[in-house]
*Asks:* 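Input: one structure, supplied below.
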Amino acid sequence: MADTTSVQETADIQTPPVSPASLLTFHLKRAEHAIVARKAHGVRDLDLTESQCKVLGYLAHGAAKSCTQLAREGLVTSQTMTGIVKNLEAKGLIERHISPDHGRVVLVSLTPAGVERAAAASSFHERIEYGLREAMSEEDYWQLVELLDRVAEIAPKVTASAVE
């Protein structure tokens, strides 16, 4: 019986369940998902995934990069980036070569076909971004940007004790 009492006391101390729709992270993820899904739908005509478009964009300025550098930029694991790079290489959009500075480092760069595809993907993405911006007032747009920047700044500093 003592065990039942302690379990009940613990249950009484727990916070009530929270509706996902009341969480900031829910709304951030929902907005991100909607934007990524729209972009992904549009780049299908280019025979690319959204992740592949991002990598082409990271390489579009001409500097060759390692998979590790690309993974950091893309906020994904090295293993995930390696898979994306292999798929782009199979499509003839990128090529790999040994770094002249570090013999153990493999660099990735765009092929001429990759440069063309990166430009087409970039143009599409810019039109989507422009459309989102045009759908809001200038004030709303900049307020949203400011709030998102603020979330990014304060999120690492939030502790569990802040919600207790």
Side-chain angles (χ1 to χ4, degrees), residues 13-89 91-95 107-164:
I13 295 171
Q14 293 176 353
T15 59
V18 178
S19 163
S22 70
L23 299 174
L24 176 61
T25 52
F26 171 82
H27 293 282
L28 289 171
K29 190 67 176 174
R30 184 170 159 250
E32 177 192 27
H33 180 75
I35 294 168
V36 169
R38 176 60 188 104
K39 288 180 177 182
H41 179 73
V43 296
R44 274 191 219 135
D45 292 341
L46 298 173
D47 188 31
L48 294 171
T49 66
E50 180 60 22
S51 297
Q52 291 170 343
C53 286
K54 286 180 185 177
V55 172
L56 293 178
Y58 301 149
L59 297 169
H61 301 292
K65 298 179 180 183
S66 70
C67 275
T68 302
Q69 289 172 304
L70 292 170
R72 283 188 197 121
E73 284 186 55
L75 302 174
V76 298
T77 65
S78 291
Q79 293 85 354
T80 297
M81 186 55 68
T82 298
I84 296 168
V85 165
K86 282 182 181 179
N87 289 332
L88 288 169
E89 186 176 34
K91 293 178 181 189
L93 302 176
I94 60 151
E95 58 190 6
L107 297 176
V108 177
S109 59
L110 294 176
T111 63
V115 170
E116 287 180 25
R117 197 82 59 93
S122 177
S123 174
F124 176 76
H125 285 167
E126 287 172 9
R127 290 192 310 270
I128 296 298
E129 291 287 337
Y130 179 78
L132 287 168
R133 189 168 179 169
E134 286 296 305
M136 296 182 221
S137 70
E138 191 75 8
E139 181 181 337
D140 285 348
Y141 177 83
W142 287 110
Q143 183 179 16
L144 177 59
V145 169
E146 183 180 317
L147 289 169
L148 291 171
D149 285 346
R150 191 165 155 209
V151 169
E153 181 183 317
I154 64 175
K157 301 172 190 173
V158 174
T159 63
S161 63
V163 292
E164 294 177 348

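Along the sequence shown, the residues carry numbers beginning at 1. When reading the values below, keep in mind they use all heavy atoms of this one structure, side chains included, and skip hydrogens, waters and symmetry mates.
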*Asks:* Could you pull out the closest heavy-atom pair between Val151 and Leu24, with the gap in Å?
*Replies:*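 Heavy atoms only, the tightest pair is CG2-CD2, 3.9 Å.
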
*Asks:* Between Asp140 and Gln143, is there a side-chain heavy-atom distance shorter than 4.5 Å?
*Replies:*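 Yes. Closest side-chain heavy atoms under 4.5 Å.
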
*Asks:* At their closest point, which heavy atom of Leu56 faces which heavy atom of Ala118, and how far apart are they?
*Replies:*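 Heavy-atom minimum between the residues: CB-CB, 3.8 Å.
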
*Asks:* Taking only residues two or more places apart in sequence or in another chain, which ones pass side chain to side chain contact (heavy atoms under 4.5 Å, CB included) with Arg72?
*Replies:*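 Residues passing side chain to side chain contact (heavy atoms under 4.5 Å, CB included) with Arg72: Thr68.
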
*Asks:* Checking Asp47 against Arg117 for the side-chain contact (heavy atoms from CB on, under 4.5 Å) test, could you report, in this order, the C-alpha distance in whole Å, the side-chain angles of both residues, the deciding distance, and whether it holds?
*Replies:* CA-CA 9 Å; Asp47 188 31; Arg117 197 82 59 93; 4.0 Å; yes

*Asks:* Taking only residues two or more places apart in sequence or in another chain, which ones pass side chain to side chain contact (heavy atoms under 4.5 Å, CB included) with Ala113?
*Replies:*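 For Ala113, the residues satisfying side chain to side chain contact (heavy atoms under 4.5 Å, CB included) (neighbours in sequence not counted) are Leu93, Thr111.
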
*Asks:* Applying side-chain contact (heavy atoms from CB on, under 4.5 Å) to Cys53 and Lys39, what does each step give before you reach the verdict?
*Replies:* CA-CA 10 Å; Cys53 286; Lys39 288 180 177 182; over 6 Å; no

*Asks:* Give, for atom CD of Glu73 and atom CG of Leu70, the distance between the pair rounded to the nearest 0.5 Å.
*Replies:*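 Rounded to the nearest 0.5 Å, the CD-CG separation comes to 6.0 Å.
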
*Asks:* Kindly give the heavy-atom pair with the smallest separation between Arg44 and His41, and that separation in Å.
*Replies:*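 That would be NH1-ND1, 3.1 Å.
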
*Asks:* Check the side chains of Thr80 and Thr77 for a donor-acceptor pair under 3.5 angstrom, ignoring hydrogens and angles.
*Replies:*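 Present: a donor and an acceptor within the cut-off.
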
*Asks:* Are side-chain N/O atoms of Glu146 and Trp142 paired as donor and acceptor at under 3.5 Å?
*Replies:*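 There is no such pair (donor and acceptor under 3.5 Å, judged by atom type) between the side chains of Glu146 and Trp142.
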
*Asks:* Measuring from atom CG of Asp149 to atom CD1 of Ile154, what distance do you get when rounded to the nearest 0.5 angstrom?
*Replies:*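 Going from the CG atom of Asp149 to the CD1 atom of Ile154 covers 11.5 Å.
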
*Asks:* Looking only at heavy atoms, which two atoms of Lys65 and Tyr58 are closest? And how far apart?
*Replies:*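 Minimum heavy-atom separation between Lys65 and Tyr58: NZ-O, 3.0 Å.
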
*Asks:* In the structure I gave you, are the side-chain heavy atoms of His125 and Glu50 within less than 4.5 Å of one another anywhere?
*Replies:*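 Result yes, sub-4.5 Å side-chain heavy-atom pair found.
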
*Asks:* Going from NE2 on His61 to CG on Leu59, what distance comes out if it is rounded to the nearest 0.5 angstrom?
*Replies:*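 If I round to the nearest 0.5 Å, the distance is 10.0 Å.
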
*Asks:* Give me the atom names and distance for the closest heavy-atom approach of Ser123 to Arg127.
*Replies:*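 In terms of heavy atoms, the two residues are closest at OG-NH1, 2.8 Å.
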
*Asks:* Report the distance from atom CZ of Arg133 to atom OH of Tyr141, rounding to the nearest 0.5 Å.
*Replies:*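 Taking CZ in Arg133 and OH in Tyr141, the distance rounds to 4.5 Å.
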
*Asks:* When rounded to the nearest 0.5 angstrom, what is the spacing between NZ in Lys29 and CG in Leu23?
*Replies:*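 It comes to 14.5 Å.
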
*Asks:* Report, one line per pair, each donor and acceptor closer than 3.5 Å where one atom sits in a side chain of residues 82-89; sequence neighbours left out.
*Replies:*
residue: Thr82; atom: OG1; partner: Ser78; partner atom: O; Å: 2.8
residue: Asn87; atom: ND2; partner: Gly83; partner atom: O; Å: 3.3
residue: Glu89; atom: OE1; partner: Arg96; partner atom: NE; Å: 3.1
residue: Glu89; atom: OE1; partner: Arg96; partner atom: NH2; Å: 3.3

*Asks:* If you count heavy atoms of other groups shown closer than 6.0 angstrom to CZ of Arg30, is the number above 12?
*Replies:*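 No - once you tally the heavy atoms of other residues, nucleotides and ligands closer than 6.0 Å, there are 12 at most.
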
